[in-house]
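Step one of this worksheet: look at the structure below.
Bear in mind that the values here come from a model prediction, so they are computed numbers and not experimental data. Lettering follows sequence order; numbering is per chain, from 1.
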Amino acid sequence: MKITTWNVNSLAARLQHVLDWTAANPVDVLCLQELKLTDDKFPLDELRAAGYEHCAVFGQKTYNGVAVMSRVPVRDAVKNIVGFEDDSSRVLAVTLDTPQGELRLVNGYFVNGQAPGSEKFAYKMAWLGGLNAYLRAEMARHPRLMLVGDFNIAPEDRDSFDPVGLKETIHHTSEEREHFRQLLALGLVDSFRLFEQPEKSYSWWDYRMLGYQKNRGLRIDHILVSEPLKPAVKACAIDRVPRKWPKPSDHAPVTVEI
DNA sequence: ATGACGCATCGAATGCGA
């Protein structure tokens, strides 16, 4: 079973890319972030025609918005972080029934945070604290759990094209990385690092300054799996192909196989 | 140091992303 996370930077602008990519990569489940549309504008019909009959959507006008589109039934959808008040549509949890048993899938569009010291950064820190507490409870109920999405955190220096020049800037701060480690401390594992990977592997590149062409990127899109799932993980990879298409999202899809 | 690119918003200029 293949599960993918992809920040599409507007589903309206990227629908054809999603359709083209899933036609070539018919993954079982695709977790989307930054839909930038309301639920009534979600392209259910097109995705159903592409084989994704089961969609859970948590949209919002202009900003944020997350969805899970799936070939297999999804149930028990929960929106946002239980116990954390949030105006933004950022988290959507669902349960999948797999041959190995049920799997709780938490899809998140983490707060960007703009810059350390800003109000948005404080929001990011509070949000991450709320997420951690929520996941602790979710994992107690669902031992087989996967946390996917756009984390907006480069966990280690090797996840950034310029860890020295960007030291302690957004995505690179000690505080953000500590929050990432606190997620791992819950018993989650970064599935990407379970496997040998190319050096300078990133999942996001700035649109500006030829960021992609120069591979000036960050690895900020992640798939974390709980310990009970870890032995089942067969592969995890970033697909840079759609980042080369005309009018791409600035993020690449990341896929795990279990 | 700044802005650079792309998307969204009622209509131009601005907010936001990362």
Contact letters for nucleotides 8-18 of chain B, in which S counts primed atoms plus P, OP1 and OP2 and B counts the base, heavy atoms under 4.0 Å:
SSS-----SBB

Cluster partners of Leu32(A), using ILVMFWY side-chain heavy atoms under 4.5 angstrom, listed by chain and number?
Trp6(A), Val8(A), Leu11(A), Leu15(A), Val18(A), Leu19(A), Trp21(A), Val27(A), Leu30(A), Leu35(A), Leu37(A), Phe42(A), Leu44(A), Leu47(A), Tyr52(A), Val57(A), Met69(A), Val241(A), Trp245(A)

Minimal non-hydrogen separation, Tyr212(A) against Trp205(A), with atom names
CD1-CD2, 3.5 Å

Within the structure provided, determine whether Arg193(A) and Arg219(A) are in side-chain contact (heavy-atom separation under 4.5 Å).
yes

NA contact type, Arg216(A), heavy-atom cut-off 4.0 Å: base, sugar-phosphate, or nothing?
nothing

Please state the P separation for the pair dA4(B) and dT9(B) - nearest whole angstrom.
22 Å

Ignoring hydrogens and geometry, is there a side-chain-to-backbone donor-acceptor pair from Lys124(A) to Asn112(A) under 3.5 Å?
yes

Any Lys/Arg nitrogen of Arg104(A) or Asp76(A) sitting under 4.0 Å from an Asp/Glu carboxylate oxygen of the other?
no

Rounding to an integer number of angstrom, what distance separates dG11(B) and dG15(B) when you compare their P atoms?
14 Å

Separation of atom CD in Gln213(A) from atom C1' in dA4(B), rounded to whole Å
13 Å

Which residues, if any, of residues 174-184 of chain A bring a heavy atom under 4.0 Å of DNA chain B?
none

With the side chain counted from C-beta on, respond yes when Ile3(A) and Thr255(A) share a heavy-atom pair under 4.5 Å apart, and no when they do not.
no

Please give the distance between the P atoms of dG3(B) and dT14(B) as a whole number of Å.
13 Å

Short question: side chain of Gln33(A), backbone of Asn7(A) - any donor-acceptor pair under 3.5 Å?
yes

Atom CG of Leu210(A) and atom P of dG3(B) are separated, to the nearest Å, by 19 Å

Among Thr5(A), Leu188(A), Leu105(A), side-chain contact (heavy atoms from CB on, under 4.5 Å) partner for Met146(A):
Leu105(A)

Using the P atoms only, state how far dA8(B) lies from dA18(B), rounded to an integer number of Å.
14 Å

Whole-Å C1' distance, dA12(B) and dA1(B)
27 Å

What about the rings of His222(A) and Phe180(A), do their centers lie closer together than 6.0 Å?
yes

